[in-house]
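Contents: one structure, followed by commentary.
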Amino acid sequence: MIQISFPDGATRSYEKGSSALDIAKSISEGLARKVLAAKINGEVWDLTRPIQQDATLQLLTWDDIDAKSTFWHSSAHLMAEAVEAAFPGAKFWVGPAIDKGFYYDIDLGDRKITEEDLASLEKNMQVLAKQNNSFVRIEKSKAEAVAYFEEKGDEYKLDLLQNLEDGTITFYQQGGFTDLCRGPHIPHTGFIKAIKLTSIAGAYWKGDEKNKQLTRIYGITFPNQKELDEYLAMLEEAKKRDHRKLGKELSIFTMDDDVGPGLPLWLPNGTIIIEELEKLAKETEEEAGYKRVVTPHIAKESMYLTSGHLPYYADSMFPPMSMDGETYYLKAMNCPHHHKIFDAEPKSYRDMPYRIAEYGTCYRYEQSGELFGLMRVRCLHMNDAHIYCTKEQFADEFRAVNDMYLKYFKIFGIDKYVMRLSLHDPEKLGQKYINEPELWQETETLVRNVLIESNIPFVEVKGEGAFYGPKIDVQIWSTIGREFTLATNQVDFAQGRRFKLSFTNQNNEPEVPLIIHRAPLGTHERFIGFLLEHYAGKFPVWLAPVQAKVLPISDKFVEYAKEVGQTLKKQGIRIQVDERNEKIGKKIREAELMKIPYMLVVGEKEMQENSVGLRLQGKGDAGMITVAAFGEKVRQEILERKSMD
RNA sequence: GCCGUUGUAGCUCAGUGGUAGAGCACUUCCUUGGUAAGGAAGAGGUCGUGAGUUCAAUUCUCAUCAACGGCUCCA
């Protein structure tokens with residue numbers, strides 16, 4: 001007998017070799033029908049795999065994230081079975097579960113799969129699923145496994161095998177499909193009731209662009225049709241929040257073929273948001289002891305050789321231009337210019353920390369396939385600043401920058417983000433990272449400690465650092481699930497020396513400053529793209545391009561509406577008057593669609609009482625209010641940069 | 001940059017080997033209406049661009065540009 005302990009603390013005895021499914025059945029038949037996989041001693045197992053020793057057991061149903069992964073991984077196998085039937089000889093690389101669904105990378109040889117094929121694959125998957133084929137775990141020795149795939153001529157699986165240790169290799173088989181696979185899997189295909197193959201894409205083998213491109217098919221499955229329908233409906237909802245769609249609807253920005261890809265044109269509405277953000281940044285930075293600077297958009301090649309950017313990033317800078325025998329580049333970053341400002345006048349320890357800030361315009365030649373609305377562009381306006389400080393000042397300065405981030409996030413109500421401590425990869429020292437192993441260690445520890453001391457939750461990621469030092473990136477996800485770095489806070493121990501920057505310390509010796517690069521509001525492009533999605537276009541009053549719109553009931557009240565408009569405009573409120581000869585319902589509808597926070601309906605009653613009929617966007621009629629009281633209320637909300645309830 | 005898809009009016013989208021259509025938006029007129037679309041008329045497109053096939057191309061072929069879904073990249 002073996003002892004099985006359950007999550008609630010209970011322990012029960014079972015016969016040696018019992019499976020998790022046997023145990024589930026012993027508890028209840030209903031549970032046994034629902035359960036998809038089991039966690040044995042914290043490791044996810046097939047339900048049918050015999051348990052030979054005492055263990056802790058957790059039965060996993062659809063609600064559990066590990067069960068979903070198992071379910072989707074099994075669905076990938078089911079899809080592979082359908083693909084193999086439709087494209088005999090197809091070779092399979094890997095087919096993992098992902099956040100939402102699964103994919104499989106496939107080498108189809110010369111054949112091509114099209115969107116139309118997806119429908120027939122889906123149908124065949126339905127048929128195969130209904131056969132309730134079991135996922136059978138088969139153990140083989142490595143030699144047997146190698147022989148099997150050599151016979152099959154499958155170089156992909158042979159490659160996978162190479163990296164596996166000698167010993168037992170597991171295969172899984174369902175219906176007519178067998179695959180090298182670590183598992184685990186759900187008991188049988190019958191659980192998969194609702195299937196949607198979502199897209200076809202190219203994907204480089206092993207993610208390396210020098211390798212052959214495989215065909216990747218993405219899909220998602222559910223244990224019932226209802227959940228699939230809900231999922232598809234949710235995707236539709238997400239599309240409505242897409243900043244590209246909202247940006248057009250709300251006249252925030254536009255793109256034009258003649259201007260060029262990735263070069264957004266900011267329309268008047270978008271420009272208002274830009275200016276409000278800059279106002280916020282300038283106030284905040286002024287308060288935090290930054291000085292403002294302005295630098296040119298171009299610089300000579302020599303400066304980027306000094307900075308060390310050129311060898312690392314030449315490919316993603318716009319090609320150089322030649323003038324008077326000199327080579328110039330459009331700037332892709334502001335730091336070298338700022339270093340030159342630091343260097344323009346001699347500095348002593350009394351000048352430190354020296355903080356300079358600029359909304360710098362940068363140009364980056366992002367690969368054409370990478371451009372994405374406002375989130376990934378070729379012309380960007382960065383909320384940039386550089387802090388030059390002594391080693392002793394570093395921790396305080398770095399902490400102050402983090403605090404500034406948190407202050408901003410509070411204003412914008414940003415709570416869904418991940419702070420990522422991005423470190424170097426020791427294997428790439430000298431290639432992707434400056435070859436200073438000890439300095440890396442030292443600064444990474446410094447940054448980590450600041451985060452720990454400030455009680456900021458974070459994750460560490462190797463190989464994501466800048467070439468000159470570690471950094472903290474704030475990661476966000478667009479409504480369609482793409483990941484972006486919204487803001488960044490970086491340490492730089494390299495450029496100070498490269499630019500021969502120094503200050504005179506208290507011992508009258510020259511000392512190289514540490515540099516902090518920071519951009520809490522990221523770039524206008526990405527930040528506004530993010531805000532559009534974050535607020536679903538419903539900007540708080542202080543950011544809203546039009547803060548209130550006066551809607552006269554009929555022509556008779558246009559004069560009064562204009563008066564109200566003038567009064568509020570004088571108070572600094574961004575206001576419009578809808579003078580058109582339209583019914584009030586239509587004026588309201590359009591103001592609602594433009595997501596204008598306050599609609600001021602004016603007619604006979606309001607005119608007599610020097611009032612407006614207040615309507616709140618998305619909430620409806622809020623009753624009468626005097627013009628004076630409304631002006632006071634809105635001025636206060638703007639001043640506080642109040643977020644909408 | 002790579003794989004795949006798409007490109008028709010300001011927007012959303014139909015459609016055809018014989019030089020194009022709807023709804024909304026726009027203009028004018030009628031209507032003066034109290035909280036999400038009042039009515040009528042009108043104007044608006046060299047069908048992304050270039051070349052080829054054809055008597056004839058928006059439609060077929062090729063190239064190119066751009067957008068979209070991914071991959072790679074992201075100072």
Side-chain angles (χ1 to χ4, degrees), chain A residues 103 105 108 112-116 118 198-218 242 244-245 248-249 251 254-262 304 307-310 312-317 331-336 362 364-373 375-376 380 382 384 432 464-469 471 473 480-485 488 490 492 495 517 519 526 551-558 581-593 599-606 613-623:
Chain A
Y103 67 78
D105 282 349
L108 295 169
K112 267 183 189 161
I113 190 165
T114 63
E115 303 273 347
E116 288 98 75
L118 291 186
T198 46
S199 67
I200 307 168
Y204 299 109
W205 183 42
K206 294 185 179 180
D208 186 334
E209 62 183 325
K210 290 184 203 78
N211 285 341
K212 180 170 179 176
Q213 201 159 50
L214 306 176
T215 302
R216 175 174 295 181
I217 307 175
Y218 284 90
D242 190 314
R244 293 166 295 186
K245 186 171 159 60
K248 180 171 272 176
E249 287 170 359
S251 299
T254 189
M255 300 277 191
D256 188 290
D257 276 5
D258 263 348
V259 178
Y304 296 111
S307 72
H309 282 100
L310 213 45
Y312 289 94
Y313 299 110
D315 285 349
S316 41
M317 291 175 78
K331 73 174 169 184
M333 69 298 290
N334 304 303
C335 25
C362 298
R364 296 181 179 177
Y365 192 80
E366 303 286 1
Q367 294 187 46
S368 59
E370 255 314 317
L371 301 173
F372 178 73
M375 301 294 220
R376 196 74 181 272
L380 41 101
M382 212 192 304
D384 214 355
K432 205 178 163 188
E464 290 289 335
F467 76 86
Y468 45 65
K471 57 180 180 170
D473 290 324
I480 63 161
R482 212 183 275 203
E483 184 181 11
F484 292 94
T485 299
T488 176
Q490 313 177 349
D492 181 348
Q495 288 197 57
H517 303 238
R526 191 168 288 178
L551 312 177
I553 296 279
S554 78
D555 284 355
K556 288 184 222 152
F557 310 106
V558 167
N581 178 8
E582 290 293 348
K583 293 181 108 169
I584 190 66
K586 181 159 188 167
K587 293 180 184 176
I588 286 172
R589 178 181 157 77
E590 288 181 14
E592 286 278 352
L593 289 175
M599 284 154 273
L600 311 178
V601 178
V602 296
E604 188 63 38
K605 268 186 302 182
E606 289 79 9
L614 184 61
R615 185 189 163 98
L616 309 177
Q617 201 277 333
K619 297 197 186 72
D621 197 345

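- Residues passing the salt bridge (Lys or Arg N to Asp or Glu O under 4.0 Å) test with Glu209(A): none are found, sequence neighbours excluded.
- Applying the side-chain contact (heavy atoms from CB on, under 4.5 Å) criterion to Ala332(A), with sequence neighbours excluded, gives Met317(A), Arg364(A).
- Here, U64(B) and G7(B) have their C1' atoms 13 Å apart, quoted to the whole Å.
- Side chain of Glu606(A) to backbone of Gly603(A): a donor-acceptor contact under 3.5 angstrom is found.
- Glu604(A) has no carboxylate O lying under 4.0 Å from a charged side-chain N of Lys556(A), or vice versa, which leaves the two without a salt bridge.
- The salt bridge (Lys or Arg N to Asp or Glu O under 4.0 Å) test applied to Asp105(A) returns Arg216(A), not counting sequence neighbours.
- OP1 or OP2 of C68(B) lies within a sub-4.0 Å distance of a side-chain N or O belonging to Arg244(A).
- A donor N or O paired with an acceptor N or O is not found under 3.5 Å between the base of G70(B) and the side-chain atoms of Tyr204(A).
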Nucleotides 73-75 of chain B: which of its N/O atoms have a protein N/O under 3.5 Å away?
from, atom 1, to, atom 2, distance (Å)
C73(B), O2, Arg376(A), NH2, 2.7
C73(B), N3, Glu370(A), OE2, 3.3
C73(B), N3, Arg376(A), NH1, 3.3
C73(B), N4, Glu370(A), OE2, 3.4
C74(B), O2, Arg376(A), NE, 3.4
C74(B), O2, Arg376(A), NH1, 3.1
C74(B), O2, Arg376(A), NH2, 3.2
A75(B), OP2, Lys471(A), NZ, 3.3
A75(B), O4', Tyr313(A), OH, 3.2
A75(B), O3', Gln490(A), NE2, 3.1
A75(B), O2', Tyr468(A), OH, 3.2
A75(B), N6, Ser316(A), O, 3.2
A75(B), N6, Ser316(A), OG, 2.8

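- Atoms CG (Asp258(A)) and P (U49(B)) sit 12 Å apart, rounded to a whole Å.
- The side chain of Tyr218(A) has G70(B) as its nearest neighbour among A36(B), G70(B), U32(B).
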Just the table, please: protein N/O against nucleotides 23-29 of chain B N/O, every pair under 3.5 Å.
from, atom 1, to, atom 2, distance (Å)
A25(B), OP1, Lys586(A), NZ, 3.0

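- Pairs of Watson-Crick or G-U wobble type, with distances under 3.5 Å, assemble into runs of 3 or more in RNA chain B at these ranges: B:1-7 with B:65-71, B:10-13 with B:21-24, B:26-30 with B:38-42, B:48-52 with B:60-64.
- Counting only heavy atoms from C-beta on, Arg615(A) has its side chain closest to U35(B) among U35(B), C71(B), G33(B).
- Rounded to whole angstrom, the span from the CD1 atom of Ile553(A) across to the P atom of U35(B) amounts to 8 Å.
- Candidate nucleotides G69(B), C71(B), A66(B) were compared by shortest atom distance to the side chain of Ala201(A), and G69(B) ranks first.
- Using a cut-off of 4.0 Å between Lys/Arg side-chain N and Asp/Glu carboxylate O, Glu366(A) and Arg376(A) are scored as salt-bridged.
- One can place CG of Leu551(A) at 13 Å from P of U35(B), the figure rounded to the nearest angstrom.
- For the pair Asp242(A) and Arg244(A), the salt-bridge criterion is met [side-chain N within less than 4.0 Å of a carboxylate O].
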